[in-house]
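What follows is a short report on a single structure.
Residue numbers start from 1 in every chain, and the chains themselves are labelled A, B, ... in the order their sequence lines are given, proteins ahead of strands.
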Protein chains: 2
Amino acid sequence: MTDPTPPAPTPLAPAQLAAYFALTEVSSLLQHAVEQQLKTDGGLTTPQFQILARLNSAGGRLRMTDLADGLVYSRSGLTYQAAQLEKRGLVTRTPGADDERSVEVTLTPAGREVLGDVFGGHIEVVQRLMMTGLADDDIAALNDVLGRLRDHMRSAPPRSAAPRAARRR
Amino acid sequence: MTDPTPPAPTPLAPAQLAAYFALTEVSSLLQHAVEQQLKTDGGLTTPQFQILARLNSAGGRLRMTDLADGLVYSRSGLTYQAAQLEKRGLVTRTPGADDERSVEVTLTPAGREVLGDVFGGHIEVVQRLMMTGLADDDIAALNDVLGRLRDHMRSAPPRSAAPRAARRR
DNA sequence: ACCACGTGCTTCGAGTTCGAAGCAAGCCTA
DNA sequence: TAGGCTTGCTTCGAACTCGAAGCACGTGGT
């Protein structure tokens with residue numbers, strides 16, 4: 001079972017490593033700060049905020065399945081968080097009208113209000129933590145590079161891209 | 001005690017928002033890919049890998065406190081993960097030589113080995129997902145902007161600018 | 001109409017996370 | 001040397017996460 005091709009050298013220049021680490025640290029600091037803000041301003045966790053925000057931009061009502069799309073969450077986690085939000089009265093869960101199996105999650109007025117309370121602080125945190133450290137040029141540079149990088153990553157094959165699975169015959 | 005200054009409008013220009021979202025998405029894609037790789041190549045979680053990597057680059061031994069610096073992790077979480085790593089024999093924990101309160105975490109040969117197994121794949125993932133999408137200029141730009149941003153964030157006051165509690169002397 | 005399969009969501013158990021409280025060793029001041 | 005404060009780490013309880021298994025409704029083939 002010795003693999004004939006050694007595990008690929010891939011040097012990664014120091015500058016590349018530094019860029020990678022800087023990216024990692026910056027985003028984790030930012031994420032942490034945002035999490036903090038959500039909690040103190042609205043008693044929300046990140047997933048809860050995401051659920052509310054997604055509901056809001058979808059007009060206030062979505063089925064669980066549709067809610068799950070675009071959220072980076074497991075199904076069971078979504079169920080759990082939806083239950084939490086329902087307990088707090090920020091959403092309601094009702095059986096789907098057309099399909100008895102499905103559950104429709106609806107944003108309540110209270111939910112909208114909390115979301116409103118939180119949004120301002122959210123922006124403020126990003127502003128203070130990120131934007132005050134950057135000039136307009138920097139923002140432009142980030143948009144340019146990260147924008148391209150995002151597109152690149154989205155289209156990248158997921159690791160062992162099974163390049164030979166369908167070649168037989 | 002009503003605060004006389006309203007919560008500052010701070011609009012966040014579209015370009016700023018775009019930069020924020022791009023940063024968020026890029027790092028979350030990268031993080032996800034790396035997490036996957038760590039798990040399949042070495043059975044490590046991200047925090048565990050961070051601990052091992054940090055130990056390694058510090059010569060193989062660090063006190064818990066020093067280990068905590070630079071890790072975006074709670075103290076108790078660090079204790080927990082250190083215990084996990086010790087169970088697997090990848091590190092040892094011994095009372096500090098000079099200070100009885102402290103605990104020195106030491107990378108074992110087995111730990112180094114696992115780290116070695118994982119590092120190649122780790123670099124490979126970063127290389128493939130991130131670096132192939134960027135020119136040298138881009139790397140330089142990222143280093144410049146993100147480097148400054150990191151420094152800025154590190155020194156930013158934690159929201160309700162509480163002026164340092166512990167002042168020597 | 002039947003019945004096997006698919007779909008939508010929830011429940012369950014195990015593992016991980018955090019903050020607060022706890023404990024023990026060092027440090028300061030008198 | 002005593003007293004109280006600080007520091008370094010762990011323990012504890014509660015909350016959150018995931019994947020697997022479970023339940024109930026829907027759908028399609030016969």
Side-chain angles (χ1 to χ4, degrees), chain A residues 28-29 31-40 42-52 55 61-88 90-106, chain B residues 28 31-32 35-36 38-40 43-51 55 61-88 91-106 158-159 162 164-169:
Chain A
S28 109
L29 285 170
Q31 199 173 1
H32 198 263
V34 164
E35 216 152 272
Q36 207 56 36
Q37 181 268 323
L38 289 177
K39 182 172 244 169
T40 64
L44 294 178
T45 63
T46 302
Q48 289 171 350
F49 176 70
Q50 287 174 328
I51 291 173
L52 294 184
L55 272 179
R61 166 171 308 191
L62 279 176
R63 302 185 318 147
M64 290 288 276
T65 295
D66 300 327
L67 202 45
D69 296 344
L71 254 40
V72 202
Y73 261 71
S74 70
R75 289 305 280 269
S76 48
L78 179 58
T79 294
Y80 176 79
Q81 290 297 358
Q84 297 308 107
L85 289 173
E86 189 175 37
K87 265 188 211 160
R88 286 188 49 190
L90 306 186
V91 304
T92 58
R93 283 188 296 178
T94 53
D98 48 325
D99 187 337
E100 269 300 311
R101 290 169 303 180
S102 71
V103 169
E104 292 192 335
V105 183
T106 309
Chain B
S28 107
Q31 197 172 4
H32 195 265
E35 214 153 272
Q36 208 55 38
L38 288 177
K39 184 173 242 166
T40 64
L44 294 177
T45 63
T46 302
Q48 289 172 350
F49 175 71
Q50 287 175 328
I51 291 172
L55 273 179
R61 165 172 310 192
L62 277 177
R63 301 185 318 146
M64 291 289 275
T65 294
D66 300 328
L67 203 44
D69 295 346
L71 291 181
V72 195
Y73 224 64
S74 71
R75 290 304 277 268
S76 48
L78 179 57
T79 294
Y80 176 79
Q81 290 297 357
Q84 296 307 107
L85 290 174
E86 190 174 37
K87 264 189 211 158
R88 283 187 53 188
V91 303
T92 59
R93 284 188 295 177
T94 55
D98 48 326
D99 187 338
E100 267 300 310
R101 290 168 304 180
S102 69
V103 168
E104 293 193 334
V105 183
T106 309
R159 185 96 139 122
R164 294 302 279 220
R167 211 152 10 162
R168 281 271 165 77
R169 270 237 125 177

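Atom pair B:Asp69:CG and D:dG8:P shows a separation of 10 Å (rounding to whole Å applied). When rounded to the nearest whole Å, the span between CZ of A:Arg93 and C1' of C:dG8 equals 13 Å. Taking atom CD of B:Glu35 as the reference point, atom P of D:dG19 lies 11 Å away to the nearest angstrom. Rounded to a whole Å, the CG atom of B:Leu71 is 15 Å from the C1' atom of C:dT17. For the pair B:Leu62 CG and D:dG8 P, the computed distance is 14 Å after rounding to whole Å. Between B:Gln36 atom CD and D:dC18 atom C1' there is a gap of 13 Å when expressed in whole angstrom units. As rounded to whole Å, 10 Å separates atom P of C:dC18 from atom NZ of A:Lys39. Atom pair A:Glu104:CD and C:dT10:P shows a separation of 13 Å (rounding to whole Å applied).
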Report all interatomic pairs (protein N or O, nucleotide N or O of nucleotides 25-27 of chain C) with separations under 3.5 Å.
from	atom 1	to	atom 2	distance (Å)
C:dG26	OP1	B:Glu100	N	3.1

Close N or O pairs between protein and nucleotides 12-16 of chain C (under 3.5 Å):
from	atom 1	to	atom 2	distance (Å)
C:dT16	OP2	B:Tyr80	OH	2.3

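By the salt bridge (charged side-chain N to carboxylate O under 4.0 Å, His left out) test, A:Glu86 pairs with A:Arg93, sequence neighbours left out. For A:Thr94, there are no side chain to side chain donor-acceptor pair (under 3.5 Å) partners at least two apart in sequence or on another chain. For A:Arg88, there are no salt bridge (charged side-chain N to carboxylate O under 4.0 Å, His left out) partners at least two apart in sequence or on another chain. Remark: B:Thr106 engages B:Arg61 in a side chain to side chain donor-acceptor pair (under 3.5 Å) (not counting sequence neighbours).
A:Gln50 has its side chain within reach of A:Thr46: a pair of non-hydrogen atoms, C-beta onward, lies under 4.5 Å apart. Considering only heavy atoms from C-beta on, A:Val105 stays 4.5 Å or farther from A:Leu85 through its side chain. Taking the side chain as every heavy atom from C-beta outward, A:Glu35 and A:Lys39 never approach each other to under 4.5 Å.
In terms of position along DNA chain D, the nucleotide closest to B:Leu78 lies nearer the 5' end than the nucleotide closest to the other residue of the pair A:Gly77 and B:Leu78. For B:Ser74 and A:Met64, each mapped to the nucleotide of DNA chain C holding its nearest heavy atom, the one lying further toward the 5' end belongs to A:Met64.
Nearest approach of A:Gln48 to A:Gly43, heavy atoms of both residues: OE1-O, 3.8 Å.
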Practice item. Kindly indicate, with the supporting measurements, whether the criterion side chain to side chain contact (heavy atoms under 4.5 Å, CB included) is fulfilled by A:Thr45 and A:Gln84. Key: CA-CA 11 Å; A:Thr45 63; A:Gln84 297 308 107; over 6 Å; no

